[in-house]
Amino acid sequence: MSNLSSPILQLSFLGTIRLRVVRRSLLVVTLIVLATAALFVVQLLTGTFPIAVSRVWATLTGHGTAVEEFVVYTLRLPRALTAVLAGAALGGSGAVYQSVTRNPLGSPDIIGFTYGASFGAVLSIVVLGSSDVAVTISALAGGLGVALLVYLLSMRGGVQGYRLILVGIGISSVLAALVSYLLLKANIIDAQEAYVWLTGSLNGSTWSDVWIGLVGLAVLGPVLVGLGPGLRLAEMGDQAALGLGVHVGRNRLCALGFGAALCAIAVVCAGPITFISLAAPQIARRLTGTPTVRVIPSMAVGALLLLGSDALAQKLFPQSQLPVGITTLALGGGYLAWLIAREGRSRIG
Amino acid sequence: MTQPPFHQPHDIAATDSTVLVGSGLHLSYESVVVAENLNVEIPRGKLTMIIGPNGCGKSTMLKALARMLKPAQGTVLLDGDDIHRSPTKAIAQRLGLLPQSPLAPEGITVADLVSRGRYPYQKLLRQWSRDDEMIVNEAMTATGVLQFSQRSVDELSGGERQRVWLAMVLAQRTPTLLLDEPTTYLDLAHQLDVLRLCERVKRTREMTVVVVIHELNLAIRHADHLIVMKSGEIQAVGAPDEVVTEELIEHTFGLPCRIVTDPESGKPMVIPRMVADDSDQPPIAEEEPRAVSPAG
Amino acid sequence: MTMLAADPVTDPAEENAAARRRSALVAGLVVCLAALGVVMLLSIGVGARNLSPATVWDALVHGRGGEAELIVRHLRVPRTAAGLLVGAALGLAGALMQALTRNPLADPGLLGVNAGAACAVVCAIAFLRITQPGAYVWFALLGAGVATVAVYLLGSGRGAASPVRLVLAGTAITAVLTGVISAVVLTNSIAFNGFRSWTVGSLQNVTASVVVQVVPFLAVGIVCALASGSALNAMALGDQLATALGARMARIRFLGIVTTTLLCGAATAVAGPITFVGLVVPHTVRAFTGPDNRWILPYSMVVGAILVLTSDVIGRVVLWPSELEVSVVTAVIGAPVFIQIVRRRRLAQL
C-alpha cells in the first residue's frame, strides 16, 4: 500500500509499536489542537477585565497582583480548562455512541442520557435541597440509570442502532415532561436555579471541575480509543465483524457503558450541554475525510467547539452571562438541521 | 444419525476429510424453530454448495456453522475444536464468513475495506506489518480490484463491490470460507464471476469453500459437493451427478422437472416442466415449512 | 412455485365476512362513544370538591345557583368540553400525521409543535408584554404552524419522509427553539414564570371563552381530516402507486399539513403541550380497525378524547385534593406503550 501514493502513514516506535494513521487526520488534529491552544490563550487575555500577555505570563509564574491572580486563577483558567476537558469528553463519548448506533444522530443526548442526568439533578435541586455534591451524584445516577434502561429496553436479540435512538427519544420525552412538572411545582428560586443548571453553563467552573474532567479523561479516554478498531469493524454489520473475530456484543456494552460514564463526567463539570457530542464527531469526520467517526479527532473538535461556543456566548452578551448551553443549542440545532437536509443517502432514514 | 431420504452418502471417511461438523443442532431464530437434530458435515478441500427452497434453513445453518448463531443444542466442531469454546479471534484465523448483506461504511476506500480482513492478526499497538500489506495487495489482485484500490466502495457497481468483499475475506487467509448467498442481486455474468473465483481460490489455495446459493443450475454446475435442504432437514448430500434426480427436485422444490445433461459441463441440468393450462391445476400445496426463516 | 391466475369469482363467504367486519367496526365505534359518555360524566362528577352525584346532576340540569352550579357549570363542564376537544384533536392529528408521513412514530410533541408553540408564547410574553393566558392562543397557533412546516420540510428532504428522519428533524428544530426559549426565559423572570406554567399541559385553568375561541379551528380541522380518509389510504401505498390511482399527492400533503397544524395548534393552545396522545392512540386503534384510514380517523378521535379525559380524571384523583396535570399522566402512560411499539416492530418497516 505504500507503493501507491498513500494517504496512510505507518509509524513505528521502538520497533514494537506500529500504528497506522491517516495522514490527513494527523494534520487536521494537530491544527485543531493548535487552534484550541490559541483560543485558550485569548480567553485568558480577554473579558471585562483585559489583561496583557505579559501580565498573564507573570501571573502564571506567580508574580501577578491579587486582582490578576483572582481573574486568571479563579475565573478564567478553570473555565477555559473545563471547556476544553468537557468538550473533549463530550466529543469522545459522542463518537463512540455514533459508532455503536451506526448513525450520525445517535449521540448520548439524543439517546436520553442527558435528560436522565437533568432529571436527577432537577429532582435533587427542587426536592432534596441542593448541595453541589448531591446534585452531582443525582445527575450521575440519573444519567447512568437512564442509559442502562434505554440499553435494556432496546435489546432484542442484540441492540440495533435505530431502536436505541428511538427508545431513547421516547424516554427523553417522559423525562422532559417530568422535569417540566418539577419546575412548575417548585418555588421560583429553586426553579430558576434548576433551569440554569439545565441549560448547561461554564459560569461557575471551579478547579474541582477541572480535576474531575482531567481524571475522567485520563482514565476513560484511552479505554474508548482502544475500543475504536472493534467498533469500526462492527459498522460493517454484526456478522461481518463477528466473522473477523470481533467480540461485538462485549465491545458494544463497554462502549455504551464507558461512553455514558465519560458523558457523565462532562455533565458533572459543565451541566447538560447538548449537541457537542452530536456535532463534534461529524465535523471531525468531514474535516479528516475518514469514512467513520473516530475518537481522537472527535475529542479535539469537541474541545475547540465548546471553548469556541463559550467564547461566543461571552462576547455576544457580555452583560448577561448567558450560559454556554444556549449557544450550543442554537448552533448545534442549526448544524443538525443542516446535516439532515444534506443527507441524501439514507444513513439516517 | 438419520440418513437423508434421497441419497445415501458414501461413508464419510475418517474425520480428517471433514473440516466442519455440526451434530444434533437445534436451531431457532427469533423464537421460531428452524431445524431440529440437524447433522451436517463439510468435506475438506471441496466447493460445497447448499441449496433449497426459501425458508428451508440453509442460511441459518450456515450462520450456525460460522458461530453467528448459538444452537440451543448440539455442537459445531472445526477441525475437532468446539467453535463456541475457542477464542473468537483464533477462529477468525481459520474460518472466514461473507454474510449476506454486509454494510460498507460510507466513503470507505477499497484498500481500506480489504485491509480490515487482517484484523484477526492485529493488536492495538501492532496495527500493521509488511506481511499484512503484501497479503492485502495479493487479495486485491486475485479478485481483480487492485486498480480500484483508492476508489470509494460506494462508487463501484454491484459486481465490483462483491469482488471487494471477497478480497476482504481472502485477505483473512483462512483455510475455510463460508459465503452466504454471494450471488443474489448479481446479473448472470457476475454470478459466474463469483463462482469461478470460488473455484479458483479453492484450487490454488487449497481452501474449503461453502456457498449458500439460490440458483439451482449454477450450483449443480460448479459444486463438488451438494447439500440439499428442505424444512430444516437435509434431503440429500453428495456429488451433483449422483444426487440430482427429478424426484429430488420435485420433492424439495415442488417443481416438476426434467433432468438433461448440460452440454457445456456434462453435469445434470434441471429444466422445469411447462404446464399447459394453469387454471386447471390446484395451487401447489405448499408444504408448510416448519418455520419461517427470514433469510432462507 | 406456480403462480396461478386468480379467477374473479366473488366468493359469498367472503362477502359475508366483509359485512360482518363492517358491523363489528360500527358496533365498536358505538361502544367507544358509550365509554366516552361515561368518562365525560366522571369528569363532571369528580373533582377537588367532593360533590355527591345528586348535587352534580342537579346543578348540571337545573342550575339552582350557589357553589355547586359554579363548580359544575362553569368549571367542570368547560373543562370536560376542553378535554373532549383536545383529546379528539390530538388523536385525529396523530392519526393524520402518521398516515401522511407513513410513519408510525409521528406525534405532535415529537415533531416540534410544542416547542414552536412554546417559543411563540414566550416571545409574546417577553417582547410584546402579553400577560393574559387567553391571548396566548393565537401565538401558540402561529408558533405551532411555523414549527410543523419547518420540521416537515426538513424531514422530507429528497421526497422520502422517513420515520427516523422526521423524528430527528423534530429534535433539531426543538433544540433550536429551546435555545431561543432558554435565552429569553433566563433573562426575563416574567417570561420564565409564564413559560413554566404554560409548558406543563393542563386542563386546570381552561375557561369557556378560550374553548369557544378555538372551536372554529377545530371544527374545520376535524371536517377536513375525516374527509381525507380514502385519500390517505391511497397514499399508504406509496407515492407512485397513489399517483397511478389518481390521488394528487402534493395537494393531499399540503391539506394534511394545514389540517394537522389547525388541530395540534388549537389543542396545544388550549391546554399546553400534551405528548403521546397523538402517538399512542392511532396505534391502539389500528390494532382493532386494521389499516383502513376511513375507520382509523373517527376511532382515533373518540379514543383520543377518552384517553385525555381519563388522564385528567386520574390526575384529579391520584393526588386528591390537589391535582396532577394531564400531560404528566399521558406521558407516564404513553411512554411504555411507545417503547413497546418500538420493540415489537421489525425495524425494516419503520
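All values reported here derive from a predicted model rather than from experimental measurement. Throughout, a chain's letter reflects where its sequence line sits, starting with A, and its residues are numbered from 1.
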- Side chain, backbone, both or neither: which part of A/Val246 has an atom under 4.5 Å from a heavy atom of chain B? both
- Query: Which heavy-atom pair separates A/Met236 from B/Leu113 by the least distance, and what is that distance?
  - Reply: SD-CD1, 3.3 Å
- Message: Show the nearest heavy-atom pair for residues A/Gln239 and B/Leu97, with the distance to one decimal.
- Response: O-CD2, 4.3 Å
- Message: Quick check on B/Glu206: does its CD atom have over 12 non-hydrogen neighbours (other residues, nucleotides or ligands) under 6.0 Å away?
- Response: no
- Message: Does atom CZ (B/Arg205) have a neighbourhood of more than 12 heavy atoms from anything else shown, all under 6.0 Å?
- Response: yes
- Query: What is the distance from atom OG1 of A/Thr292 to atom CD1 of B/Ile108, rounded to the nearest 0.5 Å?
  - Reply: 7.0 Å
- Query: Which answer fits B/Thr109, side chain, backbone, both or neither, if we ask what part of it has an atom under 4.5 Å from a heavy atom of chain A?
  - Reply: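 Neither part; nothing is under 4.5 Å.
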- Task: Sort B/Ile91 into side chain, backbone, both or neither according to what part of it lies under 4.5 angstrom from a heavy atom of chain A.
- Result: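 Contact with chain A is absent: no heavy atom of B/Ile91 under 4.5 Å.
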- Query: Looking at B/Arg118, B/Met168, B/Gln93, B/Lys89, which one forms a side-chain contact (heavy atoms from CB on, under 4.5 Å) with A/Leu244?
  - Reply: B/Met168
- Message: Counting heavy-atom pairs under 4.5 Å with chain A, which one of B/Pro120, B/Ala90, B/Ser129 comes out on top?
- Response: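 Top count of heavy-atom pairs under 4.5 Å with chain A: B/Pro120.
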- Query: So B/Thr88 and A/His247, side chain to side chain contact (heavy atoms under 4.5 Å, CB included) or not? Walk me through it.
  - Reply: CA-CA 7 Å; B/Thr88 178; A/His247 289 273; 3.3 Å; yes
- Can you find a heavy atom in the side chain of A/Leu242 that is under 4.5 Å from one in the side chain of B/Arg67?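 No. Closest side-chain heavy atoms not under 4.5 Å.
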- Task: Verify, without hydrogens or angle tests, whether B/Gln172 (side chain) and A/Gly243 (backbone) share a donor-acceptor contact under 3.5 angstrom.
- Result: yes
- Part of residues 224-232 of chain A lying next to chain B, heavy-atom separation under 4.5 Å: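 The list, in residue order, reads A/Gly226, A/Pro229, A/Gly230, A/Arg232.
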